[in-house]
Visitor: 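One structure follows; several queries about it will come next.
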Amino acid sequence: MKYLIVGLGNKGTEYENTRHNIGFKVADKIAENLEAPFNSTNFGWMAEGKYKGRKVLVLKPDTYMNLSGNAVKYWMQKENIPMENILVITDDLVLPFGTLRMKMKGSDAGHNGLKNIQEVLQSQNYARLRFGISAEFAEGKQVDYVLGVWNSEESEKLPERIDKFAKASLSFVFAGINNTMSSFNGK
């Protein structure tokens with residue numbers, strides 16, 4: 001069985017440590033856990049590894065957040081990966097900082113990366129793992145907030161949260177979505 005885990009983010013050093021790039025950070029941790037280095041490839045950077053007998057492809061698209069669907073569709077088709085074996089990791093303003101929420105399907109909830117994936121795949125039926133970044137910004141400052149860097153308190157807690165999200169992602173691969181949601185959601 002093959003799985004595609006996609007960490008959403010934006011390429012470039014100016015975005016590297018922003019809240020919007022948490023998907024890239026979790027993808028890095030998953031690849032580290034799999035001992036699988038990233039290589040530059042079509043539509044981004046890919047790490048390939050095995051987890052409990054299953055092939056896991058970890059993708060960080062280089063298409064910028066708002067065009068992530070092209071990368072997901074390309075790799076899904078190239079590797080013949082069914083929709084139910086895709087997990088997309090993204091930031092979420094609605095959830096408190098560090099909160100983990102995995103769902104099998106759903107709306108884009110205003111997230112442009114998810115919106116584009118939904119448009120390109122013509123479906124909402126793929127798993128998503130949302131990383132809460134909270135909404136601690138003044139009116140009209142949403143873009144500055146999501147493209148801003150973590151504050152010192154968040155930065156201190158980030159490694160543990162990233163580790164938890166990487167474990168949840170690999171649980172999705174081995175234990176399935178329902179077991180993973182029961183074990184990890186809200187934790």
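Given the structure is predicted, the values throughout are model-derived calculations rather than measurements. Index from 1, following the sequence.
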Visitor: Going by the side chain to side chain donor-acceptor pair (under 3.5 Å) test, name the single residue among Asn116, Thr90, Asn66, Asp92 that passes it with His111.
Guide: Thr90

Visitor: Is the count of non-hydrogen atoms from other residues, nucleotides or ligands lying under 6.0 Å from Lys11 atom NZ greater than 12?
Guide: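 Atom NZ in Lys11 is crowded, with more than 12 foreign heavy atoms closer than 6.0 Å.
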
Visitor: To the nearest 0.5 Å, how far apart are CG in Leu4 and NZ in Lys78?
Guide: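 If we round to the nearest 0.5 Å, Leu4:CG and Lys78:NZ are 12.0 Å apart.
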
Visitor: Report yes if the side chains of Met46 and Val58 come closer than 4.5 Å at any heavy-atom pair, otherwise no.
Guide: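 They are not in side-chain contact.
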
Visitor: Would you call the rings of Tyr145 and Phe137 parallel, tilted or perpendicular, where under 30° means parallel and over 60° means perpendicular?
Guide: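 Because their plane-to-plane angle lies in the 30° to 60° range, the rings of Tyr145 and Phe137 count as tilted.
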
Visitor: Determine whether Arg130 and Ile22 make a side-chain contact, defined as any pair of heavy atoms from C-beta on separated by less than 4.5 Å.
Guide: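 The answer is no, as the side chains (C-beta and beyond) never meet within the 4.5 Å cut-off.
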
Visitor: Got a second to check how far Gln118's CD is from Gln124's CD, nearest 0.5 Å?
Guide: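 Reported to 0.5 Å precision, the distance equals 4.0 Å.
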
Visitor: If you take all heavy atoms of Phe38 and Ala31, which pair is closest and at what distance?
Guide: CE1-CB, 3.4 Å

Visitor: Below 4.5 Å, heavy atoms only, C-beta onward: do Val146 and Ile133 meet side chain to side chain?
Guide: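 In short, these two side chains touch, coming nearer than 4.5 Å.
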
Visitor: For the pair Tyr74 and Phe43, name the ring-plane relationship: parallel under 30°, tilted 30 to 60°, perpendicular over 60°.
Guide: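 Tilted.
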
Visitor: What donor-acceptor contacts under 3.5 angstrom involve side-chain atoms of residues 178-186, with partners at least two apart or in another chain?
Guide:
residue : atom : partner : partner atom : Å
Asn179  : ND2  : Ala175  : O            : 3.0
Thr180  : OG1  : Ser171  : O            : 3.2
Thr180  : OG1  : Ser171  : OG           : 2.7
Thr180  : OG1  : Phe172  : N            : 3.2
Thr180  : OG1  : Gly176  : O            : 2.7
Ser182  : OG   : Asn178  : O            : 3.1
Ser183  : OG   : Asn179  : O            : 3.0
Asn185  : OD1  : Met102  : N            : 2.6
Asn185  : ND2  : Met102  : O            : 3.0

Visitor: How far does CG of Leu57 sit from CG of Asn85, to the nearest 0.5 angstrom?
Guide: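 Interatomic distance, Leu57 CG to Asn85 CG, rounded to 0.5 Å: 10.5 Å.
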
Visitor: Look only at the side chain of Thr41 and the backbone of Trp45, and say whether a donor-acceptor pair between them is shorter than 3.5 Å.
Guide: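 Checking the backbone N and O of Trp45 against the side chain of Thr41, no donor-acceptor pair under 3.5 Å is found.
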
Visitor: Starting from the C-alpha separation in whole Å, work towards a yes-or-no answer on side-chain contact (heavy atoms from CB on, under 4.5 Å) for Leu121 and Val72.
Guide: CA-CA 8 Å; Leu121 298 183; Val72 174; 4.1 Å; yes

Visitor: Rounded to the nearest 0.5 Å, what's the gap from OG on Ser169 to CG on Leu129? Could you check?
Guide: 5.0 Å

Visitor: Quick one: do Tyr126 and Ile30 end up in the same hydrophobic cluster if we chain Ile, Leu, Val, Met, Phe, Trp and Tyr together by side-chain heavy atoms under 4.5 Å apart?
Guide: no

Visitor: Would one find more than 12 heavy atoms of other residues, nucleotides or ligands at under 6.0 Å from atom NZ of Lys55?
Guide: yes

Visitor: Test the Lys29-Phe165 pair against the cation-pi criterion, namely NZ or CZ under 6.0 angstrom from the six-membered ring centroid and within 45° of the ring axis.
Guide: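 No, Lys29 does not lie over the aromatic ring of Phe165.
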
Visitor: Evaluate whether atom CG of Asp144 has more than 12 neighbouring non-hydrogen atoms of other residues, nucleotides or ligands under 6.0 angstrom away.
Guide: yes

Visitor: More than 12 heavy atoms of other residues, nucleotides or ligands under 6.0 Å from NZ of Lys164: yes or no?
Guide: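 Open: at most 12 neighbouring heavy atoms sit under 6.0 Å from NZ of Lys164.
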
Visitor: Taking the side chain from Thr18 and the backbone from Tyr15, do they hold a donor-acceptor pair closer than 3.5 Å?
Guide: yes

Visitor: How far does OH of Tyr3 sit from CD1 of Ile81, to the nearest 0.5 angstrom?
Guide: 10.5 Å

Visitor: Is the shortest side-chain heavy-atom distance between Leu95 and Arg101 below 4.5 Å?
Guide: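 Yes, close enough: below the 4.5 Å cut-off.
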
Visitor: Work out which heavy atom in Pro61 is nearest to a heavy atom in Ala71; give both atom names and the distance.
Guide: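 Closest heavy-atom pair between Pro61 and Ala71: CB-CB, 3.8 Å.
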
Visitor: Taking the side chain as every heavy atom from C-beta outward, state whether Val6 and Ser68 have any atom pair closer than 4.5 Å.
Guide: no

Visitor: So if you build clusters from Ile, Leu, Val, Met, Phe, Trp, Tyr with side-chain heavy-atom gaps below 4.5 Å, do Ile5 and Phe131 land together?
Guide: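 Yes.
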
Visitor: Strictly by modelled atom types, are Lys25 and Asn17 linked by a side-chain donor-acceptor pair under 3.5 Å?
Guide: yes

Visitor: Do the side chains of Arg161 and Glu154 get close enough for a salt bridge, i.e. N-O under 4.0 angstrom?
Guide: no

Visitor: Looking only at heavy atoms, what is the nearest atom pair of Arg128 and Ser107, with distance?
Guide: NH1-O, 3.0 Å

Visitor: Hey, does Asp91 have a side-chain heavy atom less than 4.5 Å from the side chain of Asn21?
Guide: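 No, side chains not in contact.
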
Visitor: Show the nearest heavy-atom pair for residues Ala168 and Leu100, with the distance to one decimal.
Guide: CB-CD1, 3.8 Å

Visitor: Over all heavy atoms of both residues, which pair between Met65 and Asn10 is shortest? Give the atoms and the distance, please.
Guide: N-OD1, 2.8 Å

Visitor: Counting only heavy atoms not in Met83 (residues, nucleotides, ligands), do more than 12 fall under 6.0 Å from its CE?
Guide: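 Enclosed: over 12 neighbouring heavy atoms sit under 6.0 Å from CE of Met83.
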
Visitor: Can you establish whether the number of heavy atoms outside Glu153 located under 6.0 Å from its atom CD is more than 12?
Guide: no

Visitor: Looking at Glu14, I want to see if its CD is surrounded by more than 12 non-hydrogen atoms of other residues, nucleotides or ligands under 6.0 Å.
Guide: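 Yes.
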
Visitor: Could you give the distance from CD1 (Ile117) to CD (Gln122), rounded to the nearest 0.5 Å?
Guide: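 One gets 13.5 Å once the value is rounded to the nearest 0.5 Å.
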
Visitor: Does any non-hydrogen side-chain atom of Glu32 lie less than 4.5 Å from one of Asp28?
Guide: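 No, side chains not in contact.
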
Visitor: Hydrophobic clusters here meaning ILVMFWY residues chained together by side-chain heavy-atom distances under 4.5 Å, can you tell me if Phe174 and Leu87 are in one?
Guide: yes

Visitor: When you group the ILVMFWY residues by side-chain heavy-atom contacts below 4.5 Å and let the links chain together, are Leu59 and Phe24 in the same group?
Guide: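 No, Phe24 does not connect to Leu59 through the hydrophobic network.
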
Visitor: Check the hydrophobic clustering (I, L, V, M, F, W, Y; side-chain heavy atoms under 4.5 Å; chains of links allowed) and say if Val88 and Val120 are grouped together.
Guide: no

Visitor: Do Val56 and Lys50 have side chains that get closer than 4.5 Å, going by heavy atoms?
Guide: no

Visitor: Lys2 side chain to Glu79 main-chain N or O, any donor-acceptor pair under 3.5 Å?
Guide: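 Looks like yes, one N/O pair under 3.5 Å.
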
